[in-house]
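Taking it in order: structure first as structure tokens, then the write-up.
Only this structure's heavy atoms are used, side chains among them; waters, hydrogens and symmetry mates stay out.
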Amino acid sequence: MPNLLEIHELVTEFDTDEGVVRAVDQVSFDVKPGATLGLVGESGCGKSVTALSIMQLLPNPAGRIVSGNIFFQGLDLTHLSIAEMENLRGNEIGMVFQEPMTALNPVQTIGRQLTEVLHLHTDQNDASALQAAVEILEKVGIPSPEIRLSEYPHQLSGGMRQRVLIAIALVCSPSLLIADEPTTALDVTIQAQILDLIENLQKQLGMAVLMITHDLGVIAETCQDVVVMYAGKVVEKGSVFDIFDHPKHPYTQGLLRSIPRLDSPAKSKLEVIDGMVPGLLDLPSGCRFQNRCPLKIAQCENTSPGMEFVNSNHQVSCLNWKNP
């Protein structure tokens, strides 16, 4: 079966007062129909910019796609007109944005924000759109959905607002859902509910999910494949079993070592990755992870590593990954 989404060598840049920032640099990955791909990395590594590039929602004129291709169902999104992209957004591709507190319009009711999507992408009348809004609110687990339609975002809790965002993203039954940090600012219990909700709706609708997060626990629970990003580049990608059981890149290994473990001694210190992420305006000439890497060799200082195959489904970008 062909891939639903294919990103080839994507490069996205921003104009800033200090100069041009390349936030996404030669990023490539695929999303299969009905599958969940996890995009993981530290804050500022380019995850959300990759999502905004897919949706063609980069701030204009500062942000732009410089090169590369984004194929969705065979269409290259980088070549579509504004009207064509507007038809895809919310219809074929839904997105749950990062901040539930600010992503909803504070001066419009929940019902207005839901039915607006239906009026844009379907020919439903007001009555049928309201009924569809009630049904999707029921699906995402919001009690008394008929009452919630007339309420405003500030009247809902954080978890309820996140559920409304998911409802808006799914009301037109898209083929792909992009979930950008869907559990940010939620307590642990609500996080688990939101992840279970997305997984259950995925099974019901048969959609693919691009799960963007910095939480490896979320990746392990929800994804089949994983892409690890660092400073704008992909450093490792493979199945969730490859990444968690046989990580090859020292950055991926460091992320996994830094997860708190229940079987650790009571007074043991939490492991951390030494050093800081380089600024995107002051990147080293070679490997971007070299200043923090325990496997660094002289060649790392002036050679930017390409992707190498560990096996048919597992790739890594490291000059010294074979060193045990």
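Residue Leu216 forms a side chain to side chain contact (heavy atoms under 4.5 Å, CB included) with just one option from Val228, Ile243, Val240, Leu256, and that option is Leu256. Of the candidates Leu75, Leu77, Leu80, Leu77 is the only one forming a side chain to side chain contact (heavy atoms under 4.5 Å, CB included) with Ile70. If you run side chain to side chain contact (heavy atoms under 4.5 Å, CB included) between Leu149 and each of Ile142, Leu130, Thr109, only Leu130 comes through.
Checking His119 against Asp126 by side-chain atom types alone, a donor-acceptor pair falls below 3.5 Å. Checking Asn313 against Ser239 by side-chain atom types alone, no donor-acceptor pair falls below 3.5 Å. Side-chain atoms of Arg89 and Gln56 include no donor-acceptor pair closer than 3.5 Å.
Under the 4.5 Å side-chain criterion, counting only non-hydrogen atoms from C-beta, Phe244 is in contact with Ile219. Within the 4.5 Å cutoff, no side-chain heavy atoms of Pro182 are placed close to those of Ile166.
Contact record, Pro250 with Cys318: CD-SG, 3.9 Å, taken as the closest heavy-atom pair. Residues Ile54 and Met85 approach most closely at O-CE, 3.9 Å, considering heavy atoms. Nearest heavy-atom pair, Ala51 versus Ile212, reported as atom, atom and distance to 0.1 Å: CB-CD1, 3.4 Å. Closest heavy-atom contact between Gly159 and Ile194: O-CD1, 4.2 Å. Contact between Gln162 and Glu181 at its shortest, heavy atoms only, is NE2-O, 4.3 Å. In terms of heavy atoms, Val24 sits closest to Val27 at CG1-CG2, 3.4 Å.
For the pair Asp180 and Lys47, the salt-bridge criterion is not met [side-chain N within less than 4.0 Å of a carboxylate O]. Between Arg292 and Glu42, at least one side-chain N (NZ, or NE/NH1/NH2) sits under 4.0 Å from a carboxylate O, which counts as a salt bridge. Classification of Glu199 and Lys203 as a salt-bridged pair holds, one side-chain N sitting under 4.0 Å from a carboxylate O.
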Test salt bridge (charged side-chain N to carboxylate O under 4.0 Å, His left out) applied to Asp15 and Arg64, step by step:
CA-CA 9 Å; Asp15 292 324; Arg64 60 189 178 277; 2.9 Å; yes
Report the C-alpha separation of Arg112 and Asn105 in whole Å, then their side-chain angles, then the decisive distance to 0.1 Å, and conclude whether the side-chain contact (heavy atoms from CB on, under 4.5 Å) test is met.
CA-CA 10 Å; Arg112 175 73 179 86; Asn105 190 327; over 6 Å; no
Between Gln193 and Ile190, does the side-chain contact (heavy atoms from CB on, under 4.5 Å) criterion hold? Intermediate values first, please.
CA-CA 5 Å; Gln193 293 176 3; Ile190 302 300; 3.6 Å; yes
Checking side-chain contact (heavy atoms from CB on, under 4.5 Å) for the pair Leu58/Phe14: CA distance, chi angles, key distance, verdict?
CA-CA 9 Å; Leu58 295 168; Phe14 291 88; 3.9 Å; yes
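Surrounding CD1 of Ile297 are more than 12 heavy atoms belonging to other residues, nucleotides or ligands, all under 6.0 Å away. More than 12 heavy atoms of other residues, nucleotides or ligands shown are found within 6.0 angstrom of CG on Asn323.
Note on ring orientation: taking the six-membered ring where Trp is involved, the planes of Tyr152 and His154 are parallel (angle under 30°, cut-offs 30° and 60°).
A donor-acceptor pair is defined here as one N or O able to donate and one able to accept, closer than 3.5 Å; such a pair exists between the side chain of Gln113 and the backbone of Gln108. The backbone N or O of Ala231 lies less than 3.5 Å from a partner atom in the side chain of Arg288, making a donor-acceptor pair. Checked by atom type and distance alone, the side chain of Gln290 pairs as donor or acceptor with a backbone atom of Cys300 at under 3.5 Å. The backbone N or O of Lys248 sits less than 3.5 Å from a side-chain atom of Glu236, completing a donor-acceptor pair. When atom types are taken as modelled, the side chain of Asn320 and the backbone of Leu295 share a donor-acceptor pair closer than 3.5 angstrom. Counting only distance, with no hydrogens or angles, the side chain of Arg22 and the backbone of Gly232 share no donor-acceptor pair below 3.5 Å. Under a 3.5 Å cut-off, the side chain of Ser317 and the backbone N or O of Met307 do not form any donor-acceptor pair. Although no hydrogens or angles enter the test, the distance criterion places no donor-acceptor pair under 3.5 Å between the side chain of Thr36 and the main chain of Val209. Between the side chain of Asp225 and the backbone N or O of Val31, no donor-acceptor pair lies under 3.5 Å. When atom types are taken as modelled, the side chain of Gln253 and the backbone of Pro247 share a donor-acceptor pair closer than 3.5 angstrom.
The six-membered or imidazole ring of Tyr230 lies away from that of His249, with a centre-to-centre distance of 6.0 Å or more.
Taken from CG in Asn302 to OG in Ser285, the straight-line distance is 6.0 Å, to the nearest 0.5 Å. Within the model, atoms CD of Gln224 and NZ of Lys32 stand 9.0 Å from one another, a figure rounded to the nearest 0.5 Å.
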